[in-house]
Amino acid sequence: MAVGGVAELGSGVTNTSNTTLSVLLDTYVVYADGLRQQVFPPTLYTLDPGEGVVQVAFVLVPREAGVGTAVLHAEGRVTNVEGGPPPSADRFDSDSDTFQVVPAP
C-alpha cells in the first residue's frame with residue numbers, strides 16, 4: 001500500500017459463548033513510525049450467541065505515515081453479560097494483521 005493511497009481494512013468479532021454479550025470493538029492502525037490512525041471509533045455491539053459483526057473500511061494511508069510494516073489492531077472488550085456477573089479484565093481479546101506501506105509513486 002502506497003503512502004497517500006487507499007487501503008481496504010477490516011475487523012470483526014464473533015460471540016462464541018451461549019450468552020448474549022455487549023462487546024466494545026476498537027480498530028486502529030499503527031504505522032512503522034508509530035503514527036496511530038483510528039479506523040473506526042470504538043463501537044459497542046450487542047451480540048446473541050453465535051452472532052458476529054464485521055467492519056470494513058477504505059482508509060486513506062496518511063502522507064506522513066512511515067514506510068515499512070503497519071499493524072492493524074482489533075481489540076474487543078466484553079462490557080456486559082446478559083444475566084451474568086459484571087465483566088472482568090479477562091474478557092478482553094485482540095488480534096492484529098500487518099501490511100506493508102511503500103513510498104508514494
Can you check side-chain contact (heavy atoms from CB on, under 4.5 Å) on Val23 and Thr79, steps first, answer last?
CA-CA 6 Å; Val23 178; Thr79 62; over 6 Å; no
Could you go step by step and tell me if Asp93 and Asp95 meet the side-chain contact (heavy atoms from CB on, under 4.5 Å) rule?
CA-CA 7 Å; Asp93 199 7; Asp95 198 6; over 6 Å; no
Test Gln100 against Thr69 for side-chain contact (heavy atoms from CB on, under 4.5 Å), laying out the working first.
CA-CA 5 Å; Gln100 294 300 311; Thr69 302; 2.7 Å; yes
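Under 3.5 Å, the side chains of Glu51 and Thr14 contain no donor-acceptor pair of N or O atoms.
Rounding to the nearest 0.5 Å places CD of Glu75 at 5.5 Å from CG of Asp26. For the atom pair OG (Ser11) and CG (Asp97), the distance works out to 11.0 Å, reported to the nearest 0.5 Å. A distance of 11.0 Å separates CG in Leu25 from OG in Ser94, rounded to the nearest 0.5 Å. If you take CG on Asn80 and OG1 on Thr19, they are separated by 11.0 Å, rounding to the nearest 0.5 Å. Between atom CD of residue Glu64 and atom CG of residue Asp33 there is a gap of 8.5 Å, rounded to the nearest 0.5 Å.
Other residues sharing the hydrophobic cluster of Val29, ordered by chain and number and joined by side-chain separations under 4.5 Å: Met1, Val3, Leu9, Tyr31, Leu35, Val39, Phe40, Val59, Val61, Val67, Leu72, Phe99, Val101.
Here the side chains of Thr20 and Thr46 are in contact, with some heavy-atom distance below 4.5 Å. Looking only at side-chain heavy atoms (C-beta outward), Val30 and His73 come within less than 4.5 Å of each other.
Shown here are the salt bridge (charged side-chain N to carboxylate O under 4.0 Å, His left out) partners of Arg63, two or more places apart in sequence or in another chain: there are none.
Here the side chain of Thr43 pairs a donor or acceptor atom with the backbone of Pro41 at under 3.5 angstrom. Using a distance-only test at 3.5 Å, with no hydrogens or angles considered, no donor-acceptor pair links the side chain of Gln37 to the main chain of Tyr28.
Hydrophobic clustering places Tyr45 together with Val78 (ILVMFWY residues linked when any side-chain heavy atoms are closer than 4.5 Å, directly or through intermediates).
Nearest approach of Ala2 to Pro103, heavy atoms of both residues: CB-O, 4.0 Å.
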